Visitor: 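Take this structure first; my questions come after.
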Amino acid sequence: MSLPKNQETDRLFRSILALGSVEECYQYFEDLCTVREIQSFAQRLAVAERLSQGCSYQQTIRETGASSATISRVNRCLEYGAGGYPLVLGRLHDDKED
């Protein structure tokens with residue numbers, strides 16, 4: 001299932017790209033999302049990082065607290081998704097090296 005490509009979704013993504021700092025992200029996302037939604041996004045990213053590093057499901061559960069269903073979903077996205085996780089993880093890795 002693909003995201004809807006329309007003006008509203010484009011505007012949402014442009015609004016995120018307009019943010020200039022982590023602090024601005026905190027401000028915007030606090031208004032935009034619930035705390036639980038942000039925690040879920042952060043947990044999925046952590047799961048993607050662990051799986052990309054070769055961690056097992058059990059180790060990933062221990063380290064992130066994610067359910068096996070969440071881990072399975074993220075793994076499916078890593079293997080068959082649109083490529084968003086590898087793109088972002090690569091850029092985050094590059095930022096660490098700078």
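These numbers come from the heavy atoms of this one structure, side chains and all, not from hydrogens, waters or symmetry mates. These numbers come from a predicted model, not from an experiment.
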Visitor: When you measure from the side chain of S72 to the backbone of A69, do you find a donor-acceptor pair of N or O atoms at a distance under 3.5 Å?
Guide: no
Visitor: Measure the CG-CG distance between D94 and L89 for me, rounded to the nearest 0.5 Å.
Guide: 11.0 Å
Visitor: Does one hydrophobic cluster hold both Y57 and Y80, with members joined at side-chain heavy-atom distances below 4.5 Å?
Guide: no
Visitor: Go through V88 and L92 one step at a time and tell me if the side-chain contact (heavy atoms from CB on, under 4.5 Å) criterion holds.
Guide: CA-CA 6 Å; V88 168; L92 288 173; 3.9 Å; yes
Visitor: Which residues, ordered by chain and number, are linked to V22 in its hydrophobic cluster, where ILVMFWY side chains connect at heavy-atom gaps below 4.5 Å, directly or through other members?
Guide: Y26
Visitor: Would you find a donor on one side and an acceptor on the other, under 3.5 Å apart, between the side chain of T60 and the backbone of S56?
Guide: yes
Visitor: How close do C77 and Y85 get, counting heavy atoms only, and between which atoms?
Guide: CB-CE1, 3.8 Å
Visitor: In a table with atom names and distances, give each donor-acceptor pair under 3.5 Å that connects a side chain of residues 39-53 to protein atoms at least two apart or in another chain.
Guide:
residue	atom	partner	partner atom	Å
S40	OG	R36	O	3.1
Q43	NE2	T64	O	3.3
R50	NE	E63	OE1	2.8
R50	NH1	A46	O	3.1
S52	OG	A48	O	2.8

Visitor: Same cluster or not: V35 versus F29, using hydrophobic residues (I, L, V, M, F, W, Y) connected whenever any side-chain heavy atoms lie under 4.5 Å apart?
Guide: no
Visitor: Tell me who clusters with L17, hydrophobic residues only, linked when side chains sit under 4.5 Å apart either directly or through other members.
Guide: none
Visitor: What salt bridge (charged side-chain N to carboxylate O under 4.0 Å, His left out) pairs are there with at least one residue in residues 4-20, not counting sequence neighbours?
Guide: none
Visitor: Will you find, in the side chains of S15 and Y28, an N or O donor that is under 3.5 Å from an N or O acceptor?
Guide: yes
Visitor: In chain order, what residues pass the side chain to side chain donor-acceptor pair (under 3.5 Å) check against T9, with sequence neighbours excluded?
Guide: N6
Visitor: According to side chain to side chain donor-acceptor pair (under 3.5 Å), who are the partners of Q58, at least two apart in sequence or on a separate chain?
Guide: none
Visitor: Any chance you could measure I61, atom CD1, to S67, atom OG, to the nearest 0.5 Å?
Guide: 7.5 Å
Visitor: For E30 and Q27, indicate whether the former's side chain and the latter's backbone hold a donor-acceptor pair under 3.5 Å.
Guide: no
